[in-house]
Amino acid sequence: MNDKMNNKMNKKAYYHLPGLFEFYEFYRVFLPLFREHREYFYEWCEIGSIYGAPDDCIWGGGRTSFGDARAEDVLELMQEYEISARLTFSNSLLREEHLTDRKCNTLCALFERHTGTENGVIIHSDLLLNYLQKQYPNLYLISSTTKVLADFGELLNEVNREKFRYVVPDFRLNKRFEQLNQMNAGQKAKVEFLCNECCWFGCKDRKSCYETVSRKNLGENCPEHRCNAPESEKGYRFSKAMTNPGFISVADIQKVYLPMGFSNFKIEGRGLGSAMVLEFLLYYMTRPEYQIHVRESIYLDNMLDLF
């Protein structure tokens, strides 16, 4: 086997999974299964991080969080399994007075203290970026998909910012292979693709949608964002996401992205239920012949309520 072929086979995909606080009980069951029965899962994939936020965090963004797990318990679980924990603090409308928020600062101080595995913060606001770098320099930073970086030039500029370890582009750049392949190895290593977005590919209101969430997290009284996408009233459907032009399949990851030099893939789903998150993990990480084993282990756990 030549070196080129061997390098392709040795590439790993790192998944960044939703629900750090929101699905803590689910991960208490899933992570031991992932460790103890590694043969159930593709050898070429790993868990790069788990992201989320507790409820009532004014720095929060992207989705209105409902996570109620104790931060100390969450951090202990992540450290036990040597998984990076990411706080989703992607509010786009933060002002100077919001930086002193006690709850968010306490979380950052807690998650900055790690035992071997670094933790990070997903952010939108440059105001928050500068604050975190000064106050919590041991937390790495991820540029949020809420910036809606749908122009390749904008993505490249963001990737070139040394302050960010990872950048999540808008899902509509996922298949711009000719441009993506022009990136050098260091740039490719920083790109984290959003795989399973269900949002309408032609949506022009994505930023305003995220801003509504930001206003809600700040406690502002604002009208609901009215989504004008076709069939938006049906909510999220994984089957629908699979038909999205920006959808990244397991085959895409293996045959296209990994050989191109990309290795980071984000799974959305904080606002969904843990049963749906399980379906994502079955599809993206689990060998087909073992999916029933994983499903049974999760469903038959008496301590876990998926619905």
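- Ion pair E80/R28 not flagged as a salt bridge, since none of the NZ, NE, NH1 or NH2 atoms sits closer than 4.0 Å to an Asp/Glu carboxylate oxygen.
- For Y14 and F265, the distance between ring centers is not under 6.0 angstrom.
- Taking the six-membered ring wherever Trp is involved, the centroid distance between the rings of F164 and Y140 does not fall below 6.0 Å.
- When only modelled atom types and interatomic distance are considered, Q291 and T286 share no side-chain donor-acceptor pair under 3.5 Å.
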- [ ] Evaluate side-chain hydrogen bond (donor to acceptor under 3.5 Å, both in side chains) for Y136 paired with N119, printing each intermediate quantity in order.
- [x] CA-CA 11 Å; Y136 309 104; N119 300 316; over 6 Å; no
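- When side chains are defined from C-beta on, H16 counts as touching N264, because their heavy atoms get closer than 4.5 Å.
- Applying the salt bridge (charged side-chain N to carboxylate O under 4.0 Å, His left out) test to every pair with at least one member in residues 241-263, sequence neighbours left out, gives these pairs: K175-D252.
- By the ring-ring contact (aromatic ring centres under 6.0 Å, His included) test, F41 pairs with F30, F34, sequence neighbours left out.
- At a cut-off of 3.5 Å, with distance as the only test, no side-chain donor of S144 or H124 sits close to an acceptor on the other residue.
- Residues K163 and N130 meet the side-chain proximity criterion, which asks for heavy atoms closer than 4.5 Å.
- D126 and R161 are joined by a salt bridge, as a carboxylate oxygen and a charged side-chain nitrogen come within less than 4.0 angstrom of each other.
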Open item on the list: Show, in sequence, the C-alpha distance, side-chain angles and deciding distance for E82 and T117, and conclude whether the side-chain hydrogen bond (donor to acceptor under 3.5 Å, both in side chains) test is met.
Closed with: CA-CA 6 Å; E82 299 180 323; T117 303; 5.6 Å; no
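- Using a 4.5 Å cut-off on side-chain heavy atoms (C-beta onward), Y15 and I47 make no contact.
- Both cation-pi conditions hold for R86 and Y166: the charged atom is under 6.0 angstrom from the six-membered ring centre and inside a 45 degree cone around its axis.
- In summary, D101 and K103 do not engage in a salt bridge, as defined by a charged side-chain N under 4.0 Å from a carboxylate O.
- Side-chain contact between L128 and L132: present, with at least one pair of heavy atoms (C-beta onward) separated by less than 4.5 Å.
- Using a cutoff of 4.0 Å between basic side-chain nitrogens and carboxylate oxygens, R38 and E43 are not scored as salt-bridged.
- No side-chain N or O of N138 forms a donor-acceptor pair with one of E118 less than 3.5 Å apart.
- Counting heavy-atom neighbours within 6.0 Å of Q179 CD, excluding the residue itself, gives a total above 12.
- The number of heavy-atom neighbours closer than 6.0 Å to CD of E178, taken from other residues, nucleotides and ligands shown, is 12 or below.
- The minimum heavy-atom distance between C108 and W59, with the atom names listed, is SG-CZ3, 3.8 Å.
- Between V159 and the options E154, K188, K190, a side-chain contact (heavy atoms from CB on, under 4.5 Å) holds for only K190.
- Counting only heavy atoms from C-beta outward, the side chains of F111 and V74 approach each other to under 4.5 Å.
- By the 30° and 60° cut-offs, the orientation of the rings of Y284 relative to F247 is tilted.
- A salt bridge does not link E192 to K266: none of the charged side-chain nitrogens sits closer than 4.0 Å to a carboxylate oxygen.
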